[in-house]
Amino acid sequence: MVEVRLEGVTKRFGRVTAVNNVNLTFGDGEFTALLGPSGSGKSTILYLVAGIYKPSKGRIYFGDRDVTDLMPNERNIGLVFQNYALYPHMTVYDNIAFPLKLRKTPPEVIRDKVLEVAKFLHIHELLDRYPAQLSGGQQQRVALARALVKEPEVLLLDEPLSNLDALLRIKIRSELKRIQKELGVTAIYVTHDQSEALAMADKVVVINRGVIQQEAPPDTIYNEPRNVFVASFIGSPPANIFPATMDYTEEPCINLPGGTRHCVEDEYAGVLWRMKPSKVIVGFRPEHAEIVENPVDGRPVIVGEVYTVEPLGRENIVTVASEDIHLKVITPPEVRPEAGELVYVAVEKGKLMLFDPQTEVNLRYIAREWSQGG
């Protein structure tokens with residue numbers, strides 16, 4: 001297996017810059033998810049690693065080997081596409097064996113390798129069938145087997161679960177994670193589904209408009225988003241994001257919707273005193289708040305009216321309207337206020353996120369960069 005590095009990589013298509021000066025390392029044996037909306041550049045990065053695209057600028061390395069100018073068949077990669085790309089006129093056996101036949105591998109070696117990978121993926125009983133006779137999950141396994149039979153150094157997966165139904169996606173993603181860990185292969189997984197990225201990856205790379213927004217373990221991406229885009233893209237429902245004014249009469253205090261104030265005493269206080277912005281962007285996740293009757297414990301509180309309630313069985317999603325914003329709050333099933341009811345939304349201490357209104361960067365990261373002399 002191998003580490004993959006992109007150094008200063010840019011990819012342009014005419015006047016469109018799909019990937020802009022990306023420096024990125026995919027660790028040896030690491031499962032990395034490239035996460036972003038449609039058109040963000042995540043698939044372009046995958047195809048640059050695969051050799052399908054050549055960078056407009058920058059270099060790509062597999063370990064110490066510069067592969068920038070090498071063709072895909074010279075890179076020892078396995079690639080699984082969104083639509084599986086199986087050959088309909090070939091049996092499952094022949095689909096899996098095809099890459100080895102291109103290498104002119106001896107037939108007996110091909111047979112052993114196909115049987116080995118088919119048993120590993122629990123499709124050894126399907127080898128005589130054709131793709132049209134398989135379910136979506138079975139076709140996905142065949143495509144994965146074809147990629148793995150070559151014993152690739154790098155496994156590239158381009159939204160391989162997007163054509164499956166929701167229940168099958170959950171099942172297959174756990175199998176993919178197990179397979180990758182057992183093989184120890186370096187895996188790069190492209191997805192627009194943030195739940196897949198958080199559930200499967202060792203590291204998540206969030207990308208938007210060809211620029212890396214944040215790369216970190218899933219817990220960090222979720223709990224400490226680097227900027228407003230990451231906070232608003234990650235989570236279901238995503239984080240509540242809204243502007244607020246500041247008051248520095250005695251200590252940095254946020255004027256929250258509904259006429260309440262919250263004075264900041266945590267690590268945000270120092271950076272607020274230093275920057276003294278007149279406005280900030282405030283965020284919190286729906287599960288980090290609750291609807292309370294009497295907010296007296298010092299938590300940040302927003303006052304508003306219930307707009308809608310969405311019962312989901314194990315929980316409710318309550319939308320609260322306050323001034324000109326709408327906030328989502330996840331409540332237990334027994335907490336189901338009526339539309340139009342006046343409520344208090346209390347946010348857990350330490351869970352309020354503050355962002356610079358100019359750069360939209362989380363003030364926590366600015367404070368840490370200052371403390372490190374940045």
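- One N or O on the side chain of Tyr268 and one on the backbone of Leu354 form a donor-acceptor pair closer than 3.5 Å.
- Between atom CG of residue Asn227 and atom OG of residue Ser232 there is a gap of 8.0 Å, rounded to the nearest 0.5 Å.
- More than 12 heavy-atom neighbours from other residues, nucleotides or ligands sit within 6.0 angstrom of CZ on Arg178.
- Linking Ile, Leu, Val, Met, Phe, Trp and Tyr whenever their side-chain heavy atoms come within less than 4.5 Å puts Ile52 and Leu48 in one cluster.
- At distances below 3.5 Å, not a single donor-acceptor pair connects side-chain atoms of Glu369 with backbone N or O atoms of Ile366.
- No side-chain donor-acceptor contact under 3.5 Å links Thr105 to the backbone of Lys101.
- Under the 4.5 Å side-chain heavy-atom criterion for ILVMFWY residues, a single connected hydrophobic cluster contains both Val361 and Phe355.
- Among Ile241, Ile254, Ile302, the one residue that satisfies the side chain to side chain contact (heavy atoms under 4.5 Å, CB included) test with Val282 is Ile254.
- In this structure, Thr191 contributes its side chain and Asp193 its backbone to a donor-acceptor pair below 3.5 Å.
- With respect to the salt-bridge test (charged N to carboxylate O, under 4.0 angstrom), the residues Arg364 and Glu267 qualify.
- Thr359 and Asp356 share a donor-acceptor pair across their side chains, judged by distance under 3.5 Å alone.
- Taking all atoms of both residues into account, the shortest heavy-atom contact from Pro131 to Leu86 is CG-CB, 4.0 Å.
- Nearest heavy-atom pair across Pro160 and Gln140 is O-CG, 3.8 Å.
- Counting heavy-atom neighbours within 6.0 Å of Lys54 NZ, excluding the residue itself, gives a total of 12 or less.
- Under the 4.5 Å side-chain heavy-atom criterion for grouping Ile, Leu, Val, Met, Phe, Trp and Tyr, Leu121 is not connected to Phe98 through any hydrophobic cluster.
- A salt bridge is defined here as a Lys NZ or Arg NE, NH1 or NH2 lying under 4.0 Å from an Asp or Glu carboxylate O, and Asp202 with Lys181 meets this definition.
- With respect to Glu360 and Arg226, no salt bridge is recorded, no charged nitrogen being found less than 4.0 Å from a carboxylate O.
- Surrounding CD of Glu182 are more than 12 heavy atoms belonging to other residues, nucleotides or ligands, all under 6.0 Å away.
- The backbone N or O of Arg12 sits less than 3.5 Å from a side-chain atom of Ser56, completing a donor-acceptor pair.
- When only modelled atom types and interatomic distance are considered, Ser40 and Asn208 share no side-chain donor-acceptor pair under 3.5 Å.
- Taking the six-membered ring where the residue is Trp, Phe284 and Phe242 present perpendicular rings, their angle passing 60° and hence far from 30°.
- Of the residues listed (Leu144, Leu134, Ile96), the one engaging Ile123 in a side chain to side chain contact (heavy atoms under 4.5 Å, CB included) is Ile96, and it is the only one.
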Side chain to side chain contact (heavy atoms under 4.5 Å, CB included) for Val280 and Leu272? Distances and angles first, verdict last.
CA-CA 9 Å; Val280 291; Leu272 285 169; 3.9 Å; yes

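- In this structure, Thr220 contributes its side chain and Glu224 its backbone to no donor-acceptor pair below 3.5 Å.
- Looking at Thr319, its side chain never comes within 3.5 Å of a backbone N or O of Lys328 through a donor-acceptor pair.
- What you find for Pro152 and Ile77 is that their closest heavy atoms are CB-C, 3.6 Å.
- Between the side chain of Asn223 and the backbone N or O of Asp219 there is at least one donor-acceptor pair closer than 3.5 Å.
- Ion pairing between a basic and an acidic side chain is recognised when a charged N comes within 4.0 Å of a carboxylate O; Arg5 and Glu3 show such pairing.
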Kindly indicate, with the supporting measurements, whether the criterion salt bridge (Lys or Arg N to Asp or Glu O under 4.0 Å) is fulfilled by Asp94 and Arg146.
CA-CA 9 Å; Asp94 288 330; Arg146 186 177 59 191; over 6 Å; no

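- In the displayed structure, Glu334 atom CD is contacted under 6.0 Å by more than 12 heavy atoms of other residues, nucleotides or ligands.
- Note on Val318 and Leu256: same hydrophobic cluster, where clusters join Ile, Leu, Val, Met, Phe, Trp and Tyr whose side-chain heavy atoms are under 4.5 Å apart, directly or indirectly.
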Assess the residue pair Glu290 and Tyr344 against the criterion (side-chain hydrogen bond (donor to acceptor under 3.5 Å, both in side chains)); give the C-alpha distance rounded to whole Å, side-chain angles, the decisive distance to 0.1 Å, and a yes or no.
CA-CA 8 Å; Glu290 63 175 328; Tyr344 298 97; over 6 Å; no

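- The minimum heavy-atom distance linking Asn23 with Gly8 is given by the pair OD1-N, 2.7 Å.
- Residue Leu24 is tested with Thr32, Leu34, Val4, Val9 for a side chain to side chain contact (heavy atoms under 4.5 Å, CB included); the sole match is Leu34.
- Glu323 contributes a side-chain N or O that, together with a main-chain N or O of Gly258, makes up a donor-acceptor pair within less than 3.5 Å.
- Minimum interatomic distance between Thr10 and Asn20 (heavy atoms only, all atoms of both residues): OG1-C, 3.9 Å.
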Could you walk me through whether Glu310 and Asn316 pass the side-chain hydrogen bond (donor to acceptor under 3.5 Å, both in side chains) test, one step at a time?
CA-CA 5 Å; Glu310 302 168 65; Asn316 300 323; over 6 Å; no

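- Ring planes of Trp273 and Tyr248: tilted class, angle from 30 to 60°.
- Side-chain contact check for Tyr189 and Glu159: no donor-acceptor pair (N or O, by modelled atom type) lies under 3.5 Å.
- Side-chain atoms of Gln180 come within 3.5 Å of backbone N or O of Gly29 as a donor-acceptor pair.
- The aromatic rings of His89 and Tyr87 stand perpendicular to each other, their planes meeting at an angle above 60°, with 30° marking the opposite boundary.
- Heavy atoms of other residues, nucleotides or ligands lying less than 6.0 angstrom from CD of Glu116 number 12 at most.
- In terms of heavy-atom proximity, Ala339 sits nearest to Tyr307 at CB-O, 4.1 Å.
- The pair Arg141-Glu175 meets the salt-bridge criterion, since a charged nitrogen lies less than 4.0 angstrom from a carboxylate oxygen.
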Report the C-alpha distance between Arg285 and Glu348 in whole Å, list the side-chain angles of each, state the deciding distance to 0.1 Å, and finish with yes or no for salt bridge (Lys or Arg N to Asp or Glu O under 4.0 Å).
CA-CA 10 Å; Arg285 296 208 173 275; Glu348 288 181 38; over 6 Å; no

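- For the 3.5 Å distance criterion, the side chains of Asp158 and Tyr47 qualify, holding a donor opposite an acceptor.
- In the displayed structure, Glu338 atom CD is contacted under 6.0 Å by at most 12 heavy atoms of other residues, nucleotides or ligands.
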Taking it one step at a time, do Lys203 and Glu215 satisfy side chain to side chain contact (heavy atoms under 4.5 Å, CB included)?
CA-CA 7 Å; Lys203 180 175 71 177; Glu215 56 174 304; 3.4 Å; yes

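- No side-chain heavy atom of Tyr365 sits less than 4.5 Å from a side-chain heavy atom of Pro225.
- Applying the 6.0 Å contact sphere to CD of Glu108 captures more than 12 heavy atoms from other residues, nucleotides or ligands.
- Around NZ of Lys119, the count of heavy atoms belonging to other residues, nucleotides or ligands within 6.0 Å does not exceed 12.
- Hydrophobic clustering of Ile, Leu, Val, Met, Phe, Trp and Tyr side chains at less than 4.5 Å, counting indirect connections, keeps Leu46 apart from Leu35.
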